[in-house]
Amino acid sequence: MIKKDAIRFELIMDAGNGAQKAGDILIKSFAQSGHFVYIEPIIPAEISPPKRTPHSMSGVIIRVSSSPLSNIGSTTDIMLVEHEILLERRLKDHDYEAGATVLLDMGFQKRAKDAYADVLAHAEECGLKVIGFDIYEEANDLIKELNGNGKNMYYLGLLTYLFEGDPDELKALIQETFKKIPKEKLDKNLAIFDCAYQHAVELNLETSYIKKAKAEDDNILLDGNTALSMGIIDAGIKLFSGYPITPASTIMHTLAKTFPAYGGVLHQAEDEISAIGVVLGSYFSGVPAITATSGPGLSLKQEFIGLSSVSEVPCIVVDVQRGGPSTGLPTRTEQTDLFAAAFGSHGDNAKIVLSIANVKDAFYVPHIARYLAEKLRVPVIILSDYMTSVSYRVLTKLPLVQLNDVEDLDDFVLERFRLKRLPAEIEMVKDNQASPGELDQMRRVTGLNTDQSGFVEYTSESNARAHKIRNEKINLVRKSLLEPERFGDEEGDVLVVAWGSCRGALNESISLAKQEGLRVGGMHLKMVYPLPLMLGEIFKKYKKVVTVEIAYADEFKPTPLATLLRSETLQDVGCAIAQATGRPLKPRDVLAKIKELTLAVEV
């Protein structure tokens, strides 16, 4: 038995064979036993890709620890892989270090002898320890009776033994997960699990014991999109209108089950444009509303976002970012919608862009978005991303706000997003902001320029006034922003700036750098537009300022955040890591770049 504080492992199977479901059961078991977890699902974008092909790779990467986790980590310790093609595909990602263990199902070896030999040789060259196994005949017979299903339960049995899980606890979770399937099928799945657990005992596999934290009764296991859905309810938002799009769809799925019980209305629109149109119509009538989409949907919503700004009808848009452009990488992560969110609509369009770093942020971001949208009567865009949307976290139950009037928003929510409370009175372009039905308060809503009374007006003076007031609202936020979250040294050789889900990898890498005596600091932004006024003064305290982003850059083209920071501070901001791989940042990569930069500034 190997005792560890943390471990990262993978279950890799063909799409449709249940790797995600097995992973969900495992993380629930880890959470119940007092562990902290972080996951990265591997999901192909294609529907039912051909099995036994590289395109069919599906699965889950799980990091487990005795202490809270903020990222997926850098390298994998153990892989369990269904067949040789998937192992060969996974080796190309270089997510391992020499000495990692691979459990490889040898069931297809007879039909692919040479391919197995090749991948075993490749794994050996990489310094990996491969343990081949064949599924027991008894379990194979049951899998055949289930029309090829159930192999994930076999792998779950092996992993349960490997991590010294309680088989009875896992079987209870299997029964809960598959409670709707016929008892005969469920019993066969449980028998497959039992067979695999016994197989692992006989294989005498070296087990790993991950130290446990104290399991708290008020701990919950939550992923980003579920947390955001629950936050929408707690923020007092009463209407959600959306159109299905990966990876935002599960927000709508979750709300469909829960929203009506809290007085909410869910509307599945015929397209992205009508969804945001419904949100504006709802807010015009005085009912707080929100929509959620991903990059392609954000592009379609831009004209209505402009209407929100000019008509001073609030709207809230969630953009769960994925790889782009166009259809791009629907099931991979990226941070390249920043410019589309901040500057996407035509004309001088005033809006606010928030980002979230983790599951806890996802719960509270609807509150701050509603506060800003209603106080300023502007569009507010929330930037999440694929990794945050699907990553589970073990959290202590979050304090509820139960927001009704935005003026009553709790201070701790404002502080979480580094914002001071806005003034009670804020100037608008139009004096009359009444909701329909108020006596003697007729209000015109138009995309045309208007004067103070709301009448359409084309004079230079009225147009300049409208631009000034819209931008003053954004400047009011800029002046109200507190210093962003900081890690490490307050001054030194290198400052690394990040936003969104990169926070975890940044924090861990800065901690490692400090342990090595490096003079380095980190900064994480949650409000990404507008930016706080004091950034320039902070940047002057470091010899080099760089960003780390999941976005493309080269010698001629900086990343979105680096471009924005250069524009706002008029200082040189480099792109330390500009990673457009669809995968989350690795702390080891950030640390390596910090070391490289530190050496460069010392020369």
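Values reported hereafter were calculated over all heavy atoms of this structure, with side chains retained and with hydrogens, waters and symmetry mates removed. Source: prediction; values computed, not measured.
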Tyr96 vs Cys126, side chain to side chain contact (heavy atoms under 4.5 Å, CB included): CA-CA, chis, key distance, verdict: CA-CA 9 Å; Tyr96 51 82; Cys126 297; 3.1 Å; yes

Any donor-acceptor pair under 3.5 Å from [X] side chain to [Y] backbone:
X	Y	value
Glu508	Pro587	no
Arg566	Asp572	no
Ser391	Ile39	yes
Asp361	Ala357	yes
Ser509	Val590	no
Thr177	Leu173	yes
Ser249	Ile245	yes
Ser229	Thr254	no
His35	Ile210	yes
Ser326	Gly328	no

Is it true that [Y] and [X] share a donor-acceptor pair across their side chains at a distance under 3.5 Å?
X	Y	answer
Ser309	Asn349	yes
Tyr116	Asp114	no
His367	Asp234	yes
Arg503	Asn71	no
Ser58	Gln20	yes
Asp14	His83	yes
His122	Glu88	yes

Whether Phe163 and Phe9 hold their rings parallel, tilted or perpendicular, with breakpoints at 30° and 60°: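 Plane angle between 30° and 60°, so tilted.
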
Report yes if the side chains of [X] and [Y] come closer than 4.5 Å at any heavy-atom pair, otherwise no.
X	Y	answer
Phe259	Ile233	yes
Val37	Val394	yes
Pro314	Pro379	no
Asp118	Glu84	no
Lys301	Thr291	yes
Glu485	Met523	no
Leu300	Tyr243	no
Ile276	Val317	yes

From Asp95, Ile85, Val81, Val102, residue fulfilling side chain to side chain contact (heavy atoms under 4.5 Å, CB included) relative to Arg90: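 Single pass found, and it is Asp95.
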
Hey, could you give me the [atom1]/[atom2] distance between [X] and [Y], rounded to the nearest 0.5 Å?
X	Y	atom1	atom2	answer
Ile316	Ile232	CD1	CD1	8.5 Å
Leu86	Ser56	CG	OG	6.5 Å
Leu156	Leu11	CG	CG	8.5 Å
Ile290	Ser282	CD1	OG	11.5 Å
Arg89	Leu87	CZ	CG	11.5 Å
Tyr386	Ser501	OH	OG	12.5 Å

Evaluation steps, side chain to side chain contact (heavy atoms under 4.5 Å, CB included), between Thr101 and Leu128: CA-CA 6 Å; Thr101 299; Leu128 305 180; over 6 Å; no

Heavy-atom closest pair, residues [X] and [Y]:
X	Y	value
Gln302	Lys351	OE1-NZ, 3.8 Å
Met527	Leu372	CE-CD1, 4.0 Å
Leu525	Ser355	O-OG, 3.2 Å
Pro558	Thr563	CG-OG1, 3.1 Å
Val278	Ser241	CB-OG, 3.6 Å
Ile78	Ser208	CD1-OG, 4.2 Å

Ring-face cation of Arg52 near Phe108 (centre distance under 6.0 Å, axis angle within 45°):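 The answer is yes, since Arg52 meets both limits relative to Phe108.
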
Sidechain N-carboxylate O distance under 4.0 Å for Asp223, Arg393: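 Salt bridge between Asp223 and Arg393, a charged N being under 4.0 Å from a carboxylate O: no.
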
Lys586/Glu40 salt bridge by N-O under 4.0 Å criterion: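 Salt bridge between Glu40 and Lys586, a charged N being under 4.0 Å from a carboxylate O: no.
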
More than 12 heavy atoms from other groups under 6.0 Å of NZ on Lys51: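 Buried by this count: over 12 neighbours within 6.0 Å.
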
Over 12 foreign heavy atoms within 6.0 Å of CD, Glu124: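 Open: at most 12 neighbouring heavy atoms sit under 6.0 Å from CD of Glu124.
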
Ring pair (Phe, Tyr, Trp, His ring centres under 6.0 Å) assessment of Phe36 paired with Phe30: CA-CA 7 Å; Phe36 295 90; Phe30 280 123; over 10 Å; no

Trace of the side chain to side chain contact (heavy atoms under 4.5 Å, CB included) decision for Arg8 with Ile72: CA-CA 8 Å; Arg8 186 177 117 159; Ile72 197 63; 4.0 Å; yes

Audit row: Val520, Leu495, side chain to side chain contact (heavy atoms under 4.5 Å, CB included) steps and yes/no: CA-CA 6 Å; Val520 60; Leu495 175 66; over 6 Å; no

Test side chain to side chain donor-acceptor pair (under 3.5 Å) applied to Asp105 and Tyr154, step by step: CA-CA 11 Å; Asp105 188 336; Tyr154 199 88; over 6 Å; no

Partners passing ring pair (Phe, Tyr, Trp, His ring centres under 6.0 Å) against Tyr392 (at least two apart in sequence or in another chain):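 Result, ring pair (Phe, Tyr, Trp, His ring centres under 6.0 Å) vs Tyr392: none returned.
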
Residues which pass ring pair (Phe, Tyr, Trp, His ring centres under 6.0 Å) with Phe304, listed by chain and number, not counting sequence neighbours: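 Not a single residue meets the ring pair (Phe, Tyr, Trp, His ring centres under 6.0 Å) criterion with Phe304.
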
Candidate pair Lys544 and Glu596, rule salt bridge (Lys or Arg N to Asp or Glu O under 4.0 Å), full reasoning: CA-CA 12 Å; Lys544 183 70 177 175; Glu596 178 186 321; over 6 Å; no

Qualifying salt bridge (Lys or Arg N to Asp or Glu O under 4.0 Å) pairs, either residue in residues 314-337, two or more places apart: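 Matches after skipping sequence neighbours: none remain.
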
